[in-house]
Amino acid sequence: MIEESGRVVAVDGHEVWIETIRKSACSGCSARSGCGQGVLSKLGNNPRSHIRLHTDLGLQVGDEVVLGLPEQAFIRSSFLAYGLPLVVLIAMVLVADKLLALAEPWVILSAIVGLGVGFAVVRLLSRLAEHRADFQPVIVRAIPAVDAD
């Protein structure tokens, strides 16, 4: 299970809003000064994200929690986001080039169309899977807030 820590920022009955802070691996990388990813991560991306989860734990605002996501869901989501558009792109290129024997500009256009279709399929599938329980993080454990009284 992949785990991430967060803090409860709002409670509404059995629903809680949890704020997490995205961490970058750039601080531990030796190539951080010459890497484009490090520059992009510093450009206006809000490192905080919020997620709403159902729970029966009786959490209060300020409680620290550990969220978990099964590795299987992470791997499937990663393939969906990155692999599927590439598979559709390659399939469209093969159809245009080998089966239809189109000229090179048409093959290039089919690659662009294939990538767009791949992204559209990813968007559709992600919306369908958005509320599936096996793709949702769960609260693994809670650490109650300590009052400074």
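Start at 1 with the first residue, then count along the sequence.
Here the shortest heavy-atom pairing between Phe135 and Ala73 reads CE2-O, 3.9 Å. Heavy-atom minimum distance, Val122 versus Ala81: CG1-CA, 4.3 Å. The two residues Val113 and Met92 make their nearest non-hydrogen contact at CG1-CE, 4.0 Å. When all heavy atoms of Ile51 and Pro137 are compared, the pair lying nearest together is CD1-CG, 3.2 Å. Heavy-atom minimum distance, Arg132 versus Gln136: O-CG, 3.3 Å.
Using a 4.5 Å cut-off between side-chain heavy atoms of Ile, Leu, Val, Met, Phe, Trp and Tyr, with links allowed through other members, Ile112 and Val107 fall into different hydrophobic clusters. Hydrophobic clustering of Ile, Leu, Val, Met, Phe, Trp and Tyr side chains at less than 4.5 Å, counting indirect connections, keeps Ile108 apart from Leu94. Using a 4.5 Å cut-off between side-chain heavy atoms of Ile, Leu, Val, Met, Phe, Trp and Tyr, with links allowed through other members, Ile75 and Leu67 fall into different hydrophobic clusters. Hydrophobic clustering of Ile, Leu, Val, Met, Phe, Trp and Tyr side chains at less than 4.5 Å, counting indirect connections, unites Leu57 with Val65. Under the 4.5 Å side-chain contact rule for hydrophobic residues, Leu100 and Trp106 share a cluster.
The CZ atom of Phe74 lies 8.0 Å from the CG atom of Leu69; values are rounded to the nearest 0.5 Å. The structure places CG of Leu86 at 7.0 Å from CG of Leu115, a figure rounded to the nearest 0.5 Å. Rounding to the nearest 0.5 angstrom, the gap separating the OG atom in Ser78 from the CG atom in Leu84 is 13.0 Å. Separation of atoms OG (Ser110) and CG (Leu89) is listed at 8.0 Å; rounding is to 0.5 Å. The CZ atom of Arg7 lies 13.0 Å from the CD1 atom of Ile143; values are rounded to the nearest 0.5 Å. If you take CD1 on Ile139 and NE2 on His54, they are separated by 10.0 Å, rounding to the nearest 0.5 Å.
Environment of CD in Gln72: sparse, with no more than 12 heavy atoms of neighbouring residues, nucleotides or ligands closer than 6.0 Å.
Between Glu71 and Arg76 the shortest side-chain heavy-atom distance does not fall below 4.5 Å. You'll find the side chain of Val140 reaches within 4.5 Å of the side chain of Glu3, heavy atoms only. Using a 4.5 Å cut-off on side-chain heavy atoms (C-beta onward), His14 and Asp56 make contact.
Checked options Thr20, Val9, Ile18; the residue passing with His50 is Val9 (criterion: side chain to side chain contact (heavy atoms under 4.5 Å, CB included)).
Put simply, the side chain of Ser126 gets close to the backbone of Arg123: a donor and an acceptor are under 3.5 Å apart.
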